[in-house]
Amino acid sequence: MPSAVRSSRGSSALRFGRFTAMGAVAVLILIAGVWASWGTAQHVMLTKGRERGTVEVTRCAEDACEGPFRPLSPGAQPREKVVLDDTVAVEKGRTYTVVLKPGASEAVRSGPAGVLYAWVPLGGALLLASVVVAGGLLRTRLGWVMALAGAGLLTAAFVAL
């Protein structure tokens, strides 16, 4: 004869396992987003001691644009050619404020547009992690907050660029 009382040990262990696994996945997604963003964001946000200036874009290829660098910060040296890697919203003939990566002729956009663009991978990670948090962890409010934060970051970057 089957027992009418069920053991809650099995179901609570499964809930804890799901919570742990989904929490780990969400945290890994967010860490990956920060990691991907920080490579560019560190140059844009921590500009003390870095060469800052402007680049007038003279030539664009498939994945990079280049032009002469005119310094704005003390100690910065003018250069005949620096490269802007990501050509999103970069047009030939326009001038952009940039920060040079140390020891290289690579530049990243600075200012509000550069900061927002640097954090775009985090915005995507927030959107992806929100699905895991809402669906896997059953935390719908937190999932909505994360999704709105990610969508807001991506929208702000799109508008700024």
Side-chain angles (χ1 to χ4, degrees), residues 21-137 139-161:
M22 292 294 112
V25 168
V27 167
L28 283 173
I29 291 170
L30 291 174
I31 288 172
V34 171
W35 185 275
S37 296
W38 187 246
T40 302
Q42 66 178 326
H43 302 294
V44 178
M45 296 175 69
L46 306 173
T47 60
K48 186 176 181 180
R50 299 192 196 274
E51 294 184 80
R52 294 177 306 225
T54 61
V55 171
E56 183 181 349
V57 177
T58 57
R59 188 170 84 75
C60 285
E62 288 181 19
D63 59 346
C65 289
E66 59 186 44
F69 174 76
R70 292 192 178 84
L72 294 176
S73 62
Q77 300 297 319
R79 295 195 170 100
E80 291 296 318
K81 182 178 90 169
V82 294
V83 177
L84 282 164
D85 276 339
D86 298 315
T87 61
V88 64
V90 175
E91 297 175 9
K92 183 178 174 183
R94 291 196 57 196
T95 301
Y96 299 98
T97 57
V98 296
V99 175
L100 295 182
K101 292 183 178 181
S105 64
E106 293 180 39
V108 292
R109 286 185 65 178
S110 61
V115 171
L116 288 170
Y117 182 67
W119 289 106
V120 163
L122 178 62
L126 281 167
L127 283 174
L128 184 58
S130 71
V131 174
V132 175
V133 168
L137 295 176
R139 304 286 190 255
T140 54
R141 286 185 186 150
L142 180 59
W144 273 108
V145 168
M146 291 172 67
L148 290 174
L153 178 59
L154 293 174
T155 302
F158 178 77
V159 169
L161 291 174

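The chain is numbered in sequence order, starting from 1.
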| task | May I ask you to test the Val120-Leu154 pair for a side-chain heavy-atom distance under 4.5 Å? | result | yes
| Looking at Val108 and His43, what are the two nearest heavy atoms and their distance? | CG2-CB, 3.9 Å
| message | Give me the atom names and distance for the closest heavy-atom approach of Thr47 to Val44. | response | CG2-O, 3.1 Å
| task | Could you tell me whether the side chain of Ser37 and the main chain of Val34 form a donor-acceptor pair under 3.5 Å? | result | no
| request: Quick one: closest heavy-atom pair of Ala160 and Ala113, and the distance? | output: O-CB, 3.8 Å
| query | Are Gln77 and Pro71 close enough that some pair of their side-chain heavy atoms sits under 4.5 Å apart? | reply | no
| query | So, do Lys81 and Arg59 sit near enough that their side-chain heavy atoms are less than 4.5 Å apart? | reply | no
| note | Tightest non-hydrogen contact, residues Arg50 and Pro102, listed as NH1-CG, 3.0 Å
| request: Spell out, as yes or no, whether a donor-acceptor pair under 3.5 Å connects the side chain of Thr58 to the backbone of Glu66. | output: yes
| message | Quick check: do Leu161 and Arg109 have side-chain heavy atoms less than 4.5 Å from each other? | response | yes
| request: Please name the pair of heavy atoms, one in Met146 and one in Leu126, separated by the smallest distance, quoted to 0.1 Å. | output: O-CB, 3.7 Å
| Is any side-chain heavy atom of Trp38 less than 4.5 Å from a side-chain heavy atom of Trp119? | yes
| Thr40 side chain to Ala118 main-chain N or O, any donor-acceptor pair under 3.5 Å? | no
| query | Can you tell me how far the CG atom of Leu116 sits from the OG1 atom of Thr155, to the nearest 0.5 Å? | reply | 10.5 Å
| task | Compare every heavy atom of Val83 with every heavy atom of Ala64, then report the nearest pair and how far apart it is. | result | CB-CG1, 3.7 Å
| request: Using a 4.5 Å cut-off on heavy atoms from C-beta on, say whether the side chain of Val115 contacts that of Met45. | output: yes
| query | Tell me, do Met22 and Val132 make a side-chain contact under 4.5 Å, heavy atoms counted? | reply | yes
